[in-house]
Participant: 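I'd like to ask some things about the structure below.
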Amino acid sequence: MGDHDYKIKVEYGVSAVVLLIGFFFLYQSFTIQTSSESVGPRTMPLILALATICSGAYLAFRAFTGKTGDLKDGYGFLESDVTRIFLVVGCGALFVVLFWAFGYFTALVFTFIAMLFTFGVRNWLIMIPGSIILAIGFQAVFMGIMLLNDPKGALVDMRPYTNWITGAQ
């Protein structure tokens, strides 16, 4: 298989994953209750879902037309670190499990630490405060400013400890 054919196959794979994620987010955005405002709580998730779908379609179109560009060193999976790939996928699974069990804030903190560790950061004085600052920022933006739903964890409801970030009662 030539380098160009390999890159086209990888582009098809990436576009399929992006499209799958986009359609999942599209479905999820329609589960958000609407309001009488012209721009309501469903607007931003819907825009992001449609942009993701359009991006996936664009990648598929590029692959279909063969306009994927030259293959660069380190592209795709030929030279990949398989262990790191599994660790990144594991971080995604960790986020889902922690989100279900403890909610958004806790999932962010521990997943960010796991991602930093996966990519070689070993300074705990950067990892722990950095993950807490990131989680506070995301909590403030998504639950405080955008007023998105902050579901409670199935095992432990951490919202009483994080409501101060969003100003929720």
Side-chain angles (χ1 to χ4, degrees), residues 6-32 41-42 44-60 62-63 68 72 74-159 161-162 165-166:
Y6 172 74
K7 188 163 185 187
I8 288 173
K9 287 182 181 183
V10 170
E11 292 286 324
Y12 273 131
V14 170
S15 69
V17 170
V18 170
L19 283 168
L20 182 66
I21 291 169
F23 281 112
F24 174 74
F25 285 153
L26 182 67
Y27 168 76
Q28 289 295 318
S29 69
F30 280 106
T31 65
I32 299 170
R42 183 187 291 174
M44 183 57 87
L46 192 58
I47 289 170
L48 292 173
L50 292 173
T52 304
I53 291 169
C54 289
S55 299
Y58 174 71
L59 288 173
R62 277 180 22 139
T68 58
K72 297 179 180 150
Y75 180 86
F77 301 100
L78 292 176
E79 302 169 18
S80 292
D81 180 353
V82 176
T83 303
R84 183 166 289 160
I85 292 170
F86 282 118
L87 287 172
V88 169
V89 171
C91 287
L94 176 69
F95 180 81
V96 170
V97 169
L98 289 175
F99 192 114
W100 168 81
F102 303 104
Y104 183 70
F105 186 84
T106 305
L108 278 178
V109 170
F110 288 102
T111 304
F112 187 62
I113 289 171
M115 286 300 290
L116 287 172
F117 194 82
T118 296
F119 287 100
V121 177
R122 298 294 187 265
N123 186 342
W124 292 98
L125 293 176
I126 291 174
M127 294 167 64
I128 293 172
S131 67
I132 293 170
I133 291 168
L134 174 98
I136 289 171
F138 277 27
Q139 187 85 8
V141 168
F142 293 116
M143 280 48 163
I145 295 171
M146 295 176 65
L147 301 177
L148 296 179
N149 182 34
D150 186 10
K152 69 178 186 172
L155 299 180
V156 177
D157 184 7
M158 298 298 290
R159 293 178 303 173
Y161 307 107
T162 61
I165 299 168
T166 60

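Throughout, numbering of the chain's residues begins at 1 and tracks the sequence. Just so you know, these numbers use all the heavy atoms, side chains as well, and skip hydrogens, waters and symmetry mates.
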Participant: Report the C-alpha distance between T31 and Q28 in whole Å, list the side-chain angles of each, state the deciding distance to 0.1 Å, and finish with yes or no for side chain to side chain contact (heavy atoms under 4.5 Å, CB included).
Facilitator: CA-CA 5 Å; T31 65; Q28 289 295 318; 3.9 Å; yes
Participant: Which pairs would a plain distance check flag for residues 111-129, meaning a side-chain donor or acceptor within less than 3.5 Å of a matching protein atom at least two apart in sequence or in another chain?
Facilitator:
{"from": "T111", "atom 1": "OG1", "to": "A107", "atom 2": "O", "distance (Å)": "2.7"}
{"from": "T118", "atom 1": "OG1", "to": "A114", "atom 2": "O", "distance (Å)": "2.8"}
{"from": "R122", "atom 1": "NH1", "to": "F117", "atom 2": "O", "distance (Å)": "2.6"}
{"from": "N123", "atom 1": "OD1", "to": "L125", "atom 2": "N", "distance (Å)": "2.9"}

Participant: For the OG atom of S29 and the CG atom of L48, what is their distance to the nearest 0.5 Å?
Facilitator: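 These two atoms lie 9.5 Å from each other.
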Participant: Closest approach of I32 and P45, non-hydrogen atoms and distance?
Facilitator: CD1-CG, 3.7 Å
Participant: Within the structure provided, determine whether L155 and W100 are in side-chain contact (heavy-atom separation under 4.5 Å).
Facilitator: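 The answer is yes; the side chains approach within 4.5 Å.
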Participant: I'd like to know whether T52 forms a side chain to side chain contact (heavy atoms under 4.5 Å, CB included) with F23, so could you lay out the CA-CA distance, the side-chain angles of the two residues, the decisive distance to 0.1 Å, and finally the verdict.
Facilitator: CA-CA 8 Å; T52 304; F23 281 112; over 6 Å; no
Participant: Can you give me every donor-acceptor pair (side chain of residues 134-142, partner residue at least two apart or in another chain, under 3.5 Å) with its distance?
Facilitator:
{"from": "Q139", "atom 1": "NE2", "to": "D150", "atom 2": "OD2", "distance (Å)": "2.8"}

Participant: To check you understand the geometry: which heavy-atom pair defines the closest contact between L19 and I53, and what is its length?
Facilitator: CD2-O, 3.3 Å
Participant: Got a second to check how far T106's OG1 is from D157's CG, nearest 0.5 Å?
Facilitator: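 T106 OG1 to D157 CG: 10.0 Å, rounded to 0.5 Å.
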Participant: Start with the C-alpha gap between L59 and Y12, add the side-chain angles, then the distance that decides, and say whether side chain to side chain contact (heavy atoms under 4.5 Å, CB included) holds.
Facilitator: CA-CA 7 Å; L59 288 173; Y12 273 131; over 6 Å; no
Participant: Would you say CZ of F25 has more than 12 non-hydrogen atoms from neighbouring residues, nucleotides or ligands within 6.0 angstrom?
Facilitator: no
Participant: Heavy atoms only: give me the nearest M158-F102 pair and the separation to one decimal.
Facilitator: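 Distance-wise, the nearest heavy atoms are CG-O, 3.3 Å.
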Participant: Decide yes or no on side chain to side chain contact (heavy atoms under 4.5 Å, CB included) for F105 and F110, but give the supporting numbers first.
Facilitator: CA-CA 9 Å; F105 186 84; F110 288 102; over 6 Å; no
Participant: If you take all heavy atoms of E11 and A63, which pair is closest and at what distance?
Facilitator: CB-CB, 3.8 Å
